[in-house]
Amino acid sequence: MAKSPLLILSFFLFFAGCKDKTTAKQKSTQNEGAVNQSDSPSKSAPTVENAASKTRRFQNCLSDSLSADTKVAKSSIAELKSAGPDVVPFLIGNIQNRQPKLREIVFQILLDKKNALEVHIDVLIKAFENNQHNLDTRTKISKLFLMIGKKDLTSKALARSCQPGPINMKPVSLEALKTMGKDASPAIPELITALDKAGHREFQSILMTLEAIACSESKEWFVYLTKTLPTISYKQNYKLSLFKSFNKFGDQTIPTLVLLIGHSNFTLNNMAKIELQKYGSKVVPSLVNIMEDNQSKSKEQVVSLLGALGKDAAASIPTLLKYYQSNKIKNRKALKAISTMGEPGLLPMKELFNKEKSSLAAECLSQMGEKGVVFLASKLSSLNLQEKKMVVRRLSRCPKKFGKQVTPFLYNELGNSDEQYSRKLNDCLRWFHADAEASLPKISDLFLNSSQNSRTELFHVLVSIGQKSTPTFSMGLTSKSAEVRELSLRGLTELKRTESNVHDMVVKLLKKEASQSVRRAALRYLSAFEEQSNKSVPVLLRLATEGEDIDRSSALQALAKIGTKEACLALTKCLKSKNSKLWAGALNNLSSFTQYSELLYPALTKIIKDKKTKQFQTYTAINTLVKLKDQRKKIASFLLKISRDTKMDVAVRRHAIIGHKTFAKHSALITPPLLKLLKGKDRTLQAASCVTLGSVGVKDKVVLKALNKASLSKDSKVRQSAQFGLTEFHKR
């Protein structure tokens, strides 16, 4: 068979290549032999050869891991995973490869070699610190750090990377340290150094990391905070953050917190006081030492803190009293602090009050619970007038729950001749009115029989007691004192006592009473209760028709205030009287009975028609008529009739026209007559018609045309009224 020239050429090239490879291999072997001969005759030559060949093999496997052939890639990765510890330095060196896929493969292989990584931890740390600008590499290495058991070395490496440098690198290290938690405590010194050098953005991040890894046994962190807080000059958020971290150390913080009380920064000293309150009596010895130090400038702050501690600071009472005695005006807060300490501070405060009788001591005692308040009240009988006033003023600000214990002492003081003291005493009794009932007999006796000037205050005490004061006020109606009778009537009115016997007593008093103020009070009582109108109305009607002018006016007003149908009938009867004053007074009070149209309509229309009625009284009658709630159409027709009656006074006709403004529902009835009046010659009636048409007239072109024409009138009043009417017309 003849062979193809192309096939012959292929065989020739193949054999030539094999010969070249064999020659190269022989040369390489000769060179290596020469090198081995130049070195010492040992077994190191095979080791170097093995290391070099391993490196080449690892490199080939790593390159093949990116092969397009899946089988080749998987076998290469498997070979790297199965390799011994020697592969770790090679992989660490390639974790910073520029190819992301290759870096990821290396990272995944290293995750399976925890024990080998521990052996080569120095290489890994060096790689981490040499990659200042490769975020992905540092992130991957930080994850490897979390896996390795040597936390002291890895945490310190992470902390060192937080020193001033590229900002974008720090979050990776800080996050890794947070994840490590307390295991990262060896890194605290480096982090503290970084915190001192940190800028505004980095400060909070580093501080949060320190809080996450520093426990209450972290001496470095505690010492740093102890030194830093008293001399802090950071911004507000820095102070708050450092202080919160410091509070986690518990009782160890007390000395530093006590020192911060006198800090010039208000925020820090206020936070220190709030925090110290949590420790109660534990901080008192340190605070007492400050109070006893003559050179201390923070005594006022300490006093307020002792007051806030309350009973827990009872051991400081002698020191506070000494401090108060050194300057009673300047150091008043010391006594107020003692008043918050309850039972332990009560005895020294009583002794101080017995000695000084000061207003400040009385104020403190009034704030020390039941025993302090009762002690003050029991001292009233032994005090002079000025001191009594001061104590009563303090007692009137005590809680009402102490009334039962205090009021007996207050009642013993009733009847004092000093008007100002009596007034203060009665104010105090009114404050404790819930417990004044126990001494009602004594209060009643003083109210009815005493000639003291503070009877009005006693009246208020009786009213505050309530319904049980009714017998006292009933007895007061028969008193010889006009003031007592008047106050008794006021009390019965305020307590709304409507019993028949009380009502009869008031009526009986009214018949023979000479004092005008008492009579007015009696009339107010009779007019206050609608349910007693059947008894009150005849009495009031008799006073209105037969009494003097003052009684008449008050009686008519009382009838109007009652507002019943019987009272309305009584007023209409007064309209028939020939007494002009009685007639005028009744007319003025009719506006209170607009719900009784059937009774008032005849009387009011008669008054309006009567030409003898005075003009202002006619106005009053028209104003009352337009307010009646029923018979609106009938009233509108009547007013139209009055407005068109030429025999009536023009002013009355004008007022009747203006009165139509309240009859918007009957605009169709009102409009035609008003249009006729608008065309009349009387300017006053024209002006009134313009105002009423604009407000309630039918909204059509005829009315609009009439108002426009009137707005061109020569008379200024008609023009102004027409313009006003047009404005109202367009609003509707």
Side-chain angles (χ1 to χ4, degrees), residues 489 492-511 519-547 549-610 613 617-639 659 662-663 665:
L489 286 166
L492 292 169
T493 305
E494 289 190 31
L495 295 176
K496 298 182 179 179
R497 307 307 298 176
T498 60
E499 293 86 349
S500 296
N501 60 331
V502 176
H503 188 276
D504 294 340
M505 290 176 68
V506 175
V507 172
K508 186 178 179 181
L509 172 66
L510 192 58
K511 289 180 180 179
R519 293 175 72 84
R520 281 193 293 269
L523 289 171
R524 281 194 294 271
Y525 172 84
L526 293 175
S527 65
F529 312 111
E530 187 176 327
E531 59 269 23
Q532 293 288 345
S533 62
N534 57 337
K535 291 184 178 181
S536 301
V537 169
V539 178
L540 294 173
L541 181 60
R542 180 179 60 80
L543 282 172
T545 54
E546 300 176 7
D549 290 345
I550 296 176
D551 288 339
R552 181 185 301 113
S553 176
S554 299
L556 291 172
Q557 290 176 9
L559 286 169
K561 190 174 180 180
I562 290 175
T564 61
K565 190 172 184 179
E566 292 81 4
C568 183
L569 287 169
L571 281 178
T572 53
K573 286 181 182 179
C574 294
L575 290 174
K576 298 176 182 179
S577 174
K578 294 181 179 179
N579 187 323
S580 59
K581 292 183 178 180
L582 175 62
W583 183 88
L587 177 62
N588 290 334
N589 287 285
L590 282 177
S591 58
S592 300
F593 302 92
T594 55
Q595 68 273 30
Y596 303 113
S597 302
E598 72 282 0
L599 296 177
L600 295 185
Y601 180 79
L604 291 172
T605 53
K606 184 178 180 181
I607 292 172
I608 295 169
K609 288 179 183 178
D610 191 353
T613 306
Q617 293 170 341
T618 305
Y619 292 167
T620 303
I622 292 175
N623 290 337
T624 305
L625 186 66
V626 298
K627 292 177 183 177
L628 298 181
K629 295 180 180 179
D630 300 324
Q631 306 182 53
R632 303 294 290 165
K633 188 173 182 179
K634 189 176 180 181
I635 296 170
S637 299
F638 172 77
L639 290 176
T662 62
F663 297 93
K665 291 183 179 180

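Sequential numbering from 1 along the given sequence is applied to the chain's residues.
Residues passing the ring-ring contact (aromatic ring centres under 6.0 Å, His included) test with Phe593: none are found, sequence neighbours excluded. Scored by the ring-ring contact (aromatic ring centres under 6.0 Å, His included) test, Tyr619 finds His655 as partners (sequence neighbours excluded).
A donor-acceptor pair under 3.5 Å links the side-chain atoms of Arg632 to the main chain of Thr662, judged by distance alone. Proximity of a side-chain donor or acceptor of Thr613 to a complementary backbone N or O of Ile607 within less than 3.5 Å is detected. In this structure a side-chain-to-backbone donor-acceptor pair under 3.5 Å is missing from Thr594 to Leu628.
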*Kindly indicate, with the supporting measurements, whether the criterion side-chain contact (heavy atoms from CB on, under 4.5 Å) is fulfilled by Arg524 and Leu489.*
CA-CA 9 Å; Arg524 281 194 294 271; Leu489 286 166; over 6 Å; no
*asked:* Quick one, Asp630 with Tyr596, criterion side-chain contact (heavy atoms from CB on, under 4.5 Å). Give me CA distance, side-chain angles, the key distance, then yes/no.
replied: CA-CA 8 Å; Asp630 300 324; Tyr596 303 113; over 6 Å; no
_Val539/Leu526 under side-chain contact (heavy atoms from CB on, under 4.5 Å): CA gap, chis, key distance, verdict_ = CA-CA 9 Å; Val539 178; Leu526 293 175; 4.3 Å; yes
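Screening Ile622, Leu590, Thr620 for a side chain to side chain contact (heavy atoms under 4.5 Å, CB included) with Leu604, the sole residue that qualifies is Leu590.
Interatomic distance, OG of Ser536 versus CD1 of Ile562, reported as 5.0 Å (0.5 Å rounding). Summarising the geometry, atom CG belonging to Leu556 is positioned 12.0 Å from atom OG belonging to Ser527; distances are rounded to the nearest 0.5 Å.
Considering only heavy atoms from C-beta on, Thr605 stays 4.5 Å or farther from Ile635 through its side chain. Between Gln557 and Asn589 there is a side-chain heavy-atom pair separated by less than 4.5 Å.
Classified by interplanar angle (parallel below 30°, tilted 30° to 60°, perpendicular above 60°), the ring pair Tyr525/His503 is tilted.
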Without placing hydrogens or testing angles, list every side-chain donor-acceptor pair under 3.5 Å for residues 564-574, not counting sequence neighbours.
from	atom 1	to	atom 2	distance (Å)
Thr564	OG1	Glu566	OE1	3.3
Thr564	OG1	Ala567	N	3.4
Thr572	OG1	Cys568	O	3.3
Thr572	OG1	Leu569	O	2.6

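Between Ser554 and Leu523, the shortest heavy-atom contact is CB-CD1, 3.1 Å.
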